[in-house]
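Here the structure comes first, spelled out in structure tokens, and everything after it is commentary.
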There are 2 protein chains.
Amino acid sequence: MFADPISRLRRFNRAVTSELGVLDNSFLGRGRPLGAARVIHAIGPDGAEVGAIRNTLNIDKALLSRLLKSLITEGLAELHEDPADARRRIARLTPAGRAELDAYNALSDAHARALLDRHPAPGALLEAIDLVASALARDRIGIVPADPRRDAARRCLEAYYEELAHRIAGGFDVTQSCDPDATDMTPPRGAFFLAVSDGLAVGCAGLKGSGGPVAEVKRLWVAPGARGLGLAGRLMRRVEDAAHDLGIATLRLDTNSALPEAVALYRNAGWTEIDRFNDDPYPDIFFEKHL
Amino acid sequence: MFADPISRLRRFNRAVTSELGVLDNSFLGRGRPLGAARVIHAIGPDGAEVGAIRNTLNIDKALLSRLLKSLITEGLAELHEDPADARRRIARLTPAGRAELDAYNALSDAHARALLDRHPAPGALLEAIDLVASALARDRIGIVPADPRRDAARRCLEAYYEELAHRIAGGFDVTQSCDPDATDMTPPRGAFFLAVSDGLAVGCAGLKGSGGPVAEVKRLWVAPGARGLGLAGRLMRRVEDAAHDLGIATLRLDTNSALPEAVALYRNAGWTEIDRFNDDPYPDIFFEKHL
DNA sequence: CATTTTAGTTGACTTAAGTCAACGATCATG
DNA sequence: CATGATCGTTGACTTAAGTCAACTAAAATG
């Protein structure tokens, strides 16, 4: 390439810090020091334990105590006793405090929108952005249980359907496929997991239970920018663990030979190919694994 | 896509600030406050005018004066009078100061290397990094004159040759082509320009003069990650301006139909196709423009 | 050549951020 | 139920960062 990796990364660092700094500088012009603004952000719309705030902000307890006091005298926050432990406090934003949080976010969003709007090819930029973010945040991507009916999960599923439509010859239509009922993919019958990176869902996988000893793995998907990081394997392992905990003895799944990465993953993860076990029109390969 | 652009950008911001922060935190552990470390960096290996430092760091003159004083008492820097204007001072690093600067850079480089090393696909990551950096720093990409024999220019030229080898059917070998002599691409006969983004060269273009009224445009190239930002057009305009200033009346260039973006650019920029004017084996389209 | 401007220095001050130790209230444990 | 640990509060302190105004020396200007 035309320059060594280190200088490319450092140039990236310079570009990013000088351009993206404005997103974090939304606290400027609101007449409040950075520390207090960060605390408002850390409390969040739903409140937070004081200990948790201290943890996320990596701040001394004396300092946090004072910052909270200043927010309280400003009428932006209030402290409540933790009903479970009277030593602990829970910080909540007052309506005025929530308005302040919204104002910060609105400023930051406006900067973000301006940054994207003035770019000639925002699509390509966003794809690269996703890839870099997933790569850098790699170690902080967690697999968490989620409700398949809620926003983040549904966006993943829609992206999954869209990708199937592009990759399977003849397209894909969810309504023609045996779409698992959401209750089959939520406890106690089944489970659903999201791979979450810095608050953004970048992958999913579902366990469709039937109440019996046989269950199915459904909807394994990883966002294009987050591939190559081993997320599909982590999602599968989590699904298998969940199946094991539910007392399921046999797992099955169906897939399509147009998705060779997936097929390879199943083979490497100890799955064995079996005969067709349903009449869904889209899959053409079927696997099974005994737990 | 699976999430809205704003949240994708904000997630990128979180990922980048928490991972890349270490590159900038190289001043930690060297027992010196951030301000002083930034001044050391701003002075740089070659020294800098005090006014220039104040400008790049956006710092109050009283504060800078004190920071410099502390560096001087530490034996890391020294102030010299500007021979041209005795009011001005020029700051230089002592050998100890330069060692300190090197130590900062070494720490930062080590962090950068660790970051790249632990990634499974550093090539793809670096490509995305280049694209994002070029996009974000877009408004700060400058076209600057350069010597085609020096490092940054030669790396661009090599990348250009490599790309030709991939894209032209039958490959490309510089030694078979009429490689312009570097003196033909430097003043007073010609010129050579680099597109520089945050210190990294991301494109080039050369003007090969002959001393007479006809000159050639050579080696127009833009790094893959920096395409779509209008850099080729800016480079061409700069070359044409330089030709005009050198009193050149007619510009010519040769290119290959395997490079349709380039051909389209020339057509749109007022160039007209002409007959072959050399016997170079690689080009198959020829253009001319009267200034 | 007198006046104004500019570049850097210095003293006095403010604010933000953070540390340390002591303390009271509450909880966990033997 | 006595003891020790934990959680948040408070007072006293430090350091970093930055502002303001006065000042000196050296250009620049009319």
Side-chain angles (χ1 to χ4, degrees), chain A residues 17 21 24-43 47-74 76-93 100 104, chain B residues 17 21 24-43 47-74 76-93 100 104:
Chain A
T17 48
D24 301 321
N25 287 350
S26 54
F27 73 94
L28 293 174
R30 303 232 96 229
R32 192 167 293 112
L34 173 59
R38 288 176 74 205
V39 172
I40 290 180
H41 215 89
I43 297 176
E49 290 178 17
V50 171
I53 298 173
R54 212 172 52 215
N55 214 31
T56 58
L57 296 183
N58 253 315
I59 220 177
D60 181 78
K61 58 181 181 173
L63 180 55
L64 178 56
S65 181
R66 267 181 263 270
L67 287 172
L68 278 170
K69 206 163 102 181
S70 80
L71 290 180
I72 290 166
T73 55
E74 270 193 277
L76 300 177
E78 45 195 21
L79 281 181
H80 304 276
E81 270 197 0
D82 187 332
D85 185 339
R87 292 171 302 181
R88 292 196 194 148
R89 299 285 130 86
I90 293 175
R92 280 188 208 293
L93 295 177
E100 205 57 26
Y104 284 128
Chain B
T17 48
D24 301 320
N25 287 350
S26 54
F27 72 93
L28 293 174
R30 304 231 97 230
R32 193 166 295 111
L34 173 59
R38 287 177 75 205
V39 172
I40 291 180
H41 214 89
I43 297 175
E49 290 179 16
V50 170
I53 297 173
R54 212 172 50 214
N55 214 31
T56 57
L57 295 183
N58 252 314
I59 219 176
D60 182 77
K61 59 180 180 174
L63 181 54
L64 178 56
S65 181
R66 265 181 264 272
L67 286 172
L68 278 170
K69 207 163 99 179
S70 81
L71 289 179
I72 290 166
T73 54
E74 271 193 277
L76 301 177
E78 45 196 21
L79 281 182
H80 304 277
E81 271 198 359
D82 186 332
D85 184 339
R87 291 171 303 180
R88 292 197 193 146
R89 300 284 130 86
I90 293 175
R92 279 188 209 292
L93 294 177
E100 206 56 26
Y104 284 129

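Proteins get letters first, then strands, A, B, ... in listed order; numbering begins at 1 in each. The analysis underlying the following values was restricted to heavy atoms, covering all of them including side chains, and did not include hydrogens, waters or symmetry mates. It should be emphasised that the depicted structure is a prediction, and the values quoted were computed from it without experimental measurement.
- Residues forming a side chain to side chain contact (heavy atoms under 4.5 Å, CB included) with A52(A) (at least two apart in sequence, or on another chain): E49(A).
- Taking atom CD on E49(B) and atom P on dG8(C), their separation rounds to 8 Å, with Å as the unit.
- Distance check: L71(A) CG to L76(A) CG gives 6.0 Å after rounding to the nearest 0.5 Å.
- Map L68(A) and R38(B) each onto its nearest nucleotide of DNA chain D; the residue landing nearer the 5' end is L68(A).
- Residue-to-nucleotide proximity on DNA chain C shows that, of R89(A) and L67(A), the 5′-proximal contact is made by L67(A).
- Shown for residues 58-65 of chain A: residues whose heavy atoms fall under 4.0 angstrom of DNA chain D, namely K61(A), A62(A), S65(A).
- Applying the side chain to side chain contact (heavy atoms under 4.5 Å, CB included) test to A86(A) and every residue at least two apart in sequence or in another chain returns E81(A).
- For the pair I90(A) CD1 and dG8(D) P, the computed distance is 10 Å after rounding to whole Å.
- Residues in residues 54-73 of chain B take part in no salt bridge (charged side-chain N to carboxylate O under 4.0 Å, His left out) pair, two or more places apart or across chains.
- Counting heavy atoms from C-beta on, the side chains of I90(B) and R92(B) come closer than 4.5 Å.
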Would you list the protein and nucleotides 12-16 of chain C atom pairs, both N or O, that sit under 3.5 Å from each other?
| residue | atom | partner | partner atom | Å |
| --- | --- | --- | --- | --- |
| dA12(C) | N6 | R66(B) | NH2 | 3.3 |

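- dA25(C) atom C1' lies 15 Å from atom CG of D82(A), rounded to whole Å.
- Residues meeting the side chain to side chain contact (heavy atoms under 4.5 Å, CB included) test with A48(B), sequence neighbours left out: I53(B).
- Evaluation of the side-chain hydrogen bond (donor to acceptor under 3.5 Å, both in side chains) rule for D82(B) yields no partner, not counting sequence neighbours.
- Taking atom CG on L28(B) and atom P on dA17(C), their separation rounds to 17 Å, with Å as the unit.
- In this structure, E78(A) places its CD atom 17 Å from P of dG8(D), rounding to the nearest Å.
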Give the table of side-chain donor-acceptor pairs shorter than 3.5 Å for residues 30-38 of chain B, with sequence neighbours excluded, one pair per line with atom names and distance.
| residue | atom | partner | partner atom | Å |
| --- | --- | --- | --- | --- |
| R30(B) | NH1 | E100(B) | OE1 | 3.1 |
| R30(B) | NH1 | E100(B) | OE2 | 2.4 |
| R32(B) | NE | E74(B) | OE1 | 3.3 |
| R32(B) | NH1 | E100(B) | OE2 | 3.0 |
| R32(B) | NH1 | Y104(B) | OH | 2.9 |
| R32(B) | NH2 | E74(B) | OE2 | 3.2 |

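- Annotation: side chain of I43(B) is not in contact with side chain of I40(B) (no heavy-atom distance under 4.5 Å).
- As a whole-Å value, the separation of E81(A) CD from dC7(D) C1' is 11 Å.
- Not a single side chain to side chain contact (heavy atoms under 4.5 Å, CB included) links N55(A) to another residue, sequence neighbours left out.
- The distance between atom CZ of R88(B) and atom C1' of dT5(C), rounded to the nearest whole Å, is 12 Å.
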At a cut-off of 3.5 Å, list every protein nitrogen or oxygen paired with a nitrogen or oxygen from nucleotides 27-30 of chain D, distance to 0.1 Å.
| residue | atom | partner | partner atom | Å |
| --- | --- | --- | --- | --- |
| dA27(D) | OP1 | D85(B) | OD1 | 3.4 |
| dA27(D) | OP1 | A86(B) | N | 3.0 |

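- Atom CG of residue L63(A) and atom OG of residue S65(A) lie 9.5 Å apart, to the nearest 0.5 angstrom.
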